[in-house]
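Below you'll find the structure, written out as structure tokens, and then a few comments.
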2 protein chains.
Amino acid sequence: MKTTVQDVARRAGVSAGTVSNALTGKRHVAEATHRRILDAMEELGYQPNLMARGLVNQRSHVLSIVIKEFSDLGYYGYSSVLTGIQRKANQLGYSIMLHFVDGPSEEEIFATLNQVSAHRADGVLWVIHEIEGNRNWVRDIHPEKYPPIVFLHMHPDPALSVVSIDNQAGANMAVSHLIEQGCRTIGIITGPLDWWESQARLAGWKNALQQAGLDADSSLVVEGDWLADSGKTGMETLLDRRPDLDAVFASNDRMALGALHTARRRGLSIPEDLLLVGYDNTPEGASYWPPLTSVRQGLLQSGQIAVEDLHQRIESEINEQTAPRQHIIQPELIIRQSSMRSR
Amino acid sequence: MKTTVQDVARRAGVSAGTVSNALTGKRHVAEATHRRILDAMEELGYQPNLMARGLVNQRSHVLSIVIKEFSDLGYYGYSSVLTGIQRKANQLGYSIMLHFVDGPSEEEIFATLNQVSAHRADGVLWVIHEIEGNRNWVRDIHPEKYPPIVFLHMHPDPALSVVSIDNQAGANMAVSHLIEQGCRTIGIITGPLDWWESQARLAGWKNALQQAGLDADSSLVVEGDWLADSGKTGMETLLDRRPDLDAVFASNDRMALGALHTARRRGLSIPEDLLLVGYDNTPEGASYWPPLTSVRQGLLQSGQIAVEDLHQRIESEINEQTAPRQHIIQPELIIRQSSMRSR
DNA sequence: TTGACAAATTATAACGTTTTAATTTATAAA
DNA sequence: TTTATAAATTAAAACGTTATAATTTGTCAA
């Protein structure tokens with residue numbers, strides 16, 4: 001835990017500089033010496049000190065991920081993104097530091113950002129959902145007081161680097177599919193409406209209905225909070241309000257699960273009496289009864305793209321700033337029995 | 001991103017040492033100077049460089065979490081533990097670095113450990129499940145080549161610091177509860193049997209049956225892989241083998257979901273025809289149909305305890321090594337309708 | 001042999017902190 | 001006033017690397 005480059009040098013009978021050269025491979029060192037150095041390292045169990053290295057190189061090779069705490073990590077979406085991030089980061093030689101935020105309130109955001117910056121992370125991946133003022137605080141951040149930041153799952157913004165998923169298209173697909181199945185009265189259980197994802201999915205629903213000349217009445221809309229319970233009550237409300245309801249689009253799989261629960265409790269069969277589509281395509285969905293049709297988001301991919309973009313940004317920063325880029329990923333509909341009209 | 005303690009010092013008209021004193025609060029600095037320094041920091045937007053600080057203090061205030069990659073993060077259990085870890089770590093002033101492992105093969109384990117040690121993490125939280133040789137490699141690690149390590153969810157071992165959950169007791173509770181409900185032929189869907197958790201839960205099942213003088217025949221045991229699909233097929237097998245089956249204990253909620261699926265497909269009602277208990281108490285379980293009885297593990301708590309123990313270990317290391325400690329957490333049964341005999 | 005030139009190595013100065021020991025400044029007693 | 005003592009500040013060294021510029025060593029042609 002504490003043999004240093006000096007120790008290795010002494011043991012190999014060379015200077016510290018040579019050991020460093022052997023280590024980084026930037027300057028050439030003679031075959032024989034190289035071998036001796038390697039041996040010395042082996043014998044002494046040398047571990048380079050990344051803090052010292054980072055200090056002189058002005059480069060930590062650490063990427064900071066900022067994520068909202070608690071429930072989020074257990075949520076399928078976030079963990080997929082993280083996995084995608086991890087893979088690419090690893091491949092590019094970065095380590096990952098995790099920062100949690102509760103609020104996110106303005107002050108907490110800046111506190112976190114300061115911590116990130118104190119660690120001298122090379123870049124930041126912002127995986128906090130966007131609500132209200134959020135976007136504006138974050139737009140003001142950019143100054144070179146902080147390392148480059150890539151925002152995941154925010155809606156596109158020319159001033160920021162964003163990797164996001166086309167939520168409106170995803171919802172549109174889902175609802176269009178229901179329409180093709182012959183449904184006419186399609187309810188939606190949305191996420192919290194201060195999330196832009198929720199808004200976008202709602203817009204997709206509306207859009208699909210209008211394209212087909214169908215009713216997008218507000219009695220068909222009920223707001224949930226992403227959790228299964230709100231799917232239960234959402235479904236209750238929809239059924240009470242619209243006895244003619246023949247399909248429901250739930251804005252995530254958890255709420256779809258809740259909707260299934262309520263349908264079952266009320267003695268309704270899916271897909272016989274009612275069709276249902278979820279969002280996220282969680283692995284469990286395939287084991288619900290009936291197996292759940294859902295929208296696959298490509299979250300793993302989004303994590304990877306984000307890291308790639310960030311990496312470019314980090315590398316280029318030395319010369320001139322790379323302009324912000326927007327990456328928009330298209331989702332895909334996975335059809336299972338919950339939305340297949342059995343005639 | 002690059003004003004230094006020197007800059008602040010210059011601006012405040014003092015020396016670097018004084019700024020440092022003001023920063024750490026270890027030596028007293030006069031009221032007036034202190035104020036001037038604070039102002040200077042504010043004006044210059046000073047951010048301490050944690051790498052430099054870590055270098056001189058020989059303390060990074062970073063905790064490394066080693067976790068098996070991919071699916072694991074999305075798994076309820078792991079994310080809960082991580083949350084628990086994060087909370088306590090934050091409270092004690094640590095940042096968190098995440099390291100992923102695929103295998104885990106011996107070489108990969110050591111590669112990861114070397115990385116951890118290169119970052120000079122103050123301590124390690126080992127959240128890899130234990131299989132086969134695993135334990136032995138890990139026992140040999142301890143030498144002071146690496147920082148102190150606490151192992152989560154390994155079975156107790158006097159040579160190692162371990163925080164684990166009493167899986168056998170948990171399973172025993174679940175099965176005893178089924179027996180109390182009047183069940184006599186209770187099947188089990190286990191996890192992969194090279195996981196000690198699976199073994200322990202199996203032992204708990206067996207134990208409870210034997211206590212009650214009931215049959216723990218091998219025809220009642222089927223091995224799963226934690227995923228819902230294996231719950232589906234596991235349930236098929238059990239039903240085929242034992243037409244007299246009147247309850248099933250699934251070793252996690254996902255597999256319980258699969259079991260529900262199969263029961264439903266075969267036209268069996270739960271709890272009317274068959275009782276079912278899961279393990280993990282995932283939030284979704286309450287929305288399954290019927291709501292799932294399950295074993296709550298106290299994972300959040302386990303994460304917190306692990307960090308506390310690790311912290312002590314880190315602090316004390318300066319003097320003499322603290323002896324390894326075993327923490328065993330008792331789980332709790334959460335009863336819902338899937339296991340309530342309706343008579 | 002001696003140069004001339006390339007290749008390999010080294011000494012030294014950073015990087016941004018904190019700590020130690022030394023020094024200055026303030027305070028109180030004589 | 002002085003002196004003794006406490007309080008506040010500072011200069012310099014250290015932490016473990018890498019980069020730069022200087023030096024040594026080796027090779028080959030003249």
Side-chain angles (χ1 to χ4, degrees), chain A residues 1-38 40-41 44-62 114-115 117-122 145 147 318, chain B residues 1-38 40-41 44-62 114-115 117-122 145 147 318:
Chain A
M1 192 66 169
K2 51 186 216 282
T3 70
T4 141
V5 93
Q6 292 288 356
D7 301 329
V8 176
R10 207 165 2 250
R11 176 100 171 201
V14 296
S15 78
T18 308
V19 174
S20 175
N21 291 339
L23 220 39
T24 63
K26 286 197 180 150
R27 246 152 295 276
H28 190 266
V29 11
E31 178 62 26
T33 353
H34 199 278
R35 161 162 251 74
R36 252 184 308 135
I37 291 177
L38 253 40
M41 283 181 181
L44 298 173
Y46 172 73
Q47 296 287 356
N49 183 327
L50 265 33
M51 292 192 290
R53 186 179 284 176
L55 190 56
V56 33
N57 285 342
Q58 303 286 59
R59 199 81 147 49
S60 62
H61 287 278
V62 166
N114 287 342
Q115 209 193 344
S117 141
H119 278 290
R120 295 300 188 269
D122 290 342
K145 187 173 169 192
I318 293 125
Chain B
M1 191 67 170
K2 52 186 213 288
T3 69
T4 142
V5 93
Q6 292 288 356
D7 302 329
V8 175
R10 208 165 2 251
R11 176 100 170 202
V14 294
S15 78
T18 307
V19 174
S20 175
N21 290 339
L23 219 38
T24 63
K26 286 197 180 150
R27 247 153 292 278
H28 191 266
V29 12
E31 180 62 26
T33 353
H34 198 279
R35 158 162 253 75
R36 253 183 307 135
I37 292 177
L38 254 41
M41 284 182 179
L44 298 173
Y46 172 74
Q47 296 288 357
N49 183 328
L50 264 34
M51 292 191 290
R53 185 178 285 177
L55 191 55
V56 33
N57 285 342
Q58 302 285 62
R59 200 78 148 50
S60 63
H61 287 276
V62 165
N114 287 342
Q115 211 192 343
S117 140
H119 277 290
R120 296 298 188 272
D122 290 343
K145 187 174 171 192
I318 294 125

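Numbers restart at 1 for each chain; the letters A, B, ... are given by sequence-line order, proteins then strands.
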In whole Å, what is the span from the [atom1] atom of [X] to the [atom2] atom of [N]?
| X | N | atom1 | atom2 | answer |
| --- | --- | --- | --- | --- |
| A/Met41 | D/dG16 | CE | C1' | 13 Å |
| A/Ile37 | C/dA8 | CD1 | P | 13 Å |
| B/Tyr46 | C/dT18 | OH | C1' | 11 Å |
| B/Arg53 | D/dT17 | CZ | P | 21 Å |
| A/Gln6 | D/dC15 | CD | P | 10 Å |
| A/Asp7 | D/dC15 | CG | C1' | 13 Å |
| A/His119 | C/dG16 | NE2 | P | 17 Å |
| B/Glu31 | C/dA26 | CD | P | 16 Å |

Picking from [options], which would you name as closest to the side chain of [X]?
| X | options | answer |
| --- | --- | --- |
| A/Ser15 | D/dT18, D/dT17, C/dT10 | C/dT10 |
| B/Asn21 | C/dT18, D/dT18, D/dT10 | D/dT10 |
| A/Leu55 | C/dC15, D/dA8, D/dT17 | C/dC15 |
| A/Arg120 | D/dT9, C/dT9, C/dT17 | C/dT17 |

- Minimum heavy-atom separation for B/Thr3 to B/Leu44, with atom names? CG2-O, 3.4 Å

Answer yes or no: does a side-chain N or O of [X] lie under 4.0 Å from OP1 or OP2 of [N]?
| X | N | result |
| --- | --- | --- |
| A/Thr4 | D/dG16 | no |
| B/Gln58 | D/dG16 | yes |
| B/Lys26 | C/dT18 | no |

- B/Thr33 or B/Asn57, whichever maps to the more 5' nucleotide of DNA chain D: B/Thr33

- Note on the structure: Comparing A/Leu23 with B/Arg27, nearest DNA chain D nucleotide closer to 5' gives the residue B/Arg27

- Item | Polar side-chain atom of B/Ser20 near backbone of B/Ala16 as donor-acceptor pair, under 3.5 Å | no

- Query: Can you tell me how far CD of A/Gln47 sits from NE2 of B/His119, rounded to the nearest 0.5 angstrom?
  - Reply: 11.0 Å

- Task: Would you indicate what A/Thr18 reaches in the nucleic acid, counting non-hydrogen atoms under 4.0 angstrom: base, sugar-phosphate, or nothing?
- Result: base

- Task: Report the C-alpha distance between B/Gln58 and B/Arg120 in whole Å, list the side-chain angles of each, state the deciding distance to 0.1 Å, and finish with yes or no for side-chain contact (heavy atoms from CB on, under 4.5 Å).
- Result: CA-CA 8 Å; B/Gln58 302 285 62; B/Arg120 296 298 188 272; over 6 Å; no

- Task: Tell me, with the steps shown, if A/Met41 and A/Val19 meet side-chain contact (heavy atoms from CB on, under 4.5 Å).
- Result: CA-CA 9 Å; A/Met41 283 181 181; A/Val19 174; 3.8 Å; yes

